[in-house]
Student: 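Next up is a structure, given as structure tokens.
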Amino acid sequence: MTADDRAYELNILKKVINTYLDKTIPVTEEGLNSLVSKHDETVWKIATKIYSESGHKVEFSLVRDIVNFL
């Protein structure tokens with residue numbers, strides 16, 4: 001995989017993860033607290049949703065890093 005391919009993949013994953021979080025986590029203090037307290041569960045849900053809908057295997061650590069960055 002080239003650097004351009006990797007950058008493209010990361011960009012798509014960021015968009016997918018951001019969309020998922022926007023749809024599932026309310027933009028409130030309670031939503032943020034829920035995201036923090038259920039961080040590992042959220043990462044698991046995102047990774048399995050990506051795999052089940054696209055067949056793309058994504059590393060949990062990559063999802064975690066993206067979630068932490070957002």
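Along the sequence shown, residues carry numbers from 1. Just so it is clear, the values below take in all heavy atoms, side chains as well, and ignore hydrogens, waters and symmetry mates.
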Student: OG1 of Thr48 to NZ of Lys57: how many Å apart, nearest 0.5 Å?
Tutor: 14.0 Å

Student: Distance check, rounded to the nearest 0.5 Å: Glu41 atom CD versus Ile46 atom CD1?
Tutor: 11.0 Å

Student: What are the two closest heavy atoms between Val63 and Ala47, and how far apart are they?
Tutor: CG2-CB, 4.2 Å

Student: Sub-3.5 Å donor-acceptor pair from the side chain of Asn18 to the main-chain atoms of Lys14, do we have one?
Tutor: no

Student: Go through the steps for Leu21 and Thr42 under the test side chain to side chain contact (heavy atoms under 4.5 Å, CB included), then give the verdict.
Tutor: CA-CA 9 Å; Leu21 292 174; Thr42 302; 3.9 Å; yes

Student: Supply the atom-to-atom distance Ser37 OG to Leu32 CG, rounded to the nearest 0.5 angstrom.
Tutor: 9.5 Å

Student: Kindly compute the distance separating CG (Leu35) from CG (Asn68), expressed to the nearest 0.5 Å.
Tutor: 8.5 Å

Student: Asp5: what forms a side chain to side chain donor-acceptor pair (under 3.5 Å) with it, not counting sequence neighbours?
Tutor: Thr2

Student: State the CD1-CG distance between Ile50 and Leu62, to the nearest 0.5 angstrom.
Tutor: 8.5 Å

Student: Would you mind listing every ring pair (Phe, Tyr, Trp, His ring centres under 6.0 Å) that reaches into residues 30-56, with sequence neighbours excluded?
Tutor: Trp44-Phe60

Student: Below 4.5 Å, heavy atoms only, C-beta onward: do Ile12 and Tyr8 meet side chain to side chain?
Tutor: yes

Student: Any sub-3.5 Å donor-acceptor pair from Thr19's side-chain atoms to Lys15's backbone N or O?
Tutor: yes

Student: Looking at CD1 of Ile66 and CD of Glu59, how far apart are the two atoms once the value is rounded to the nearest 0.5 Å?
Tutor: 10.5 Å

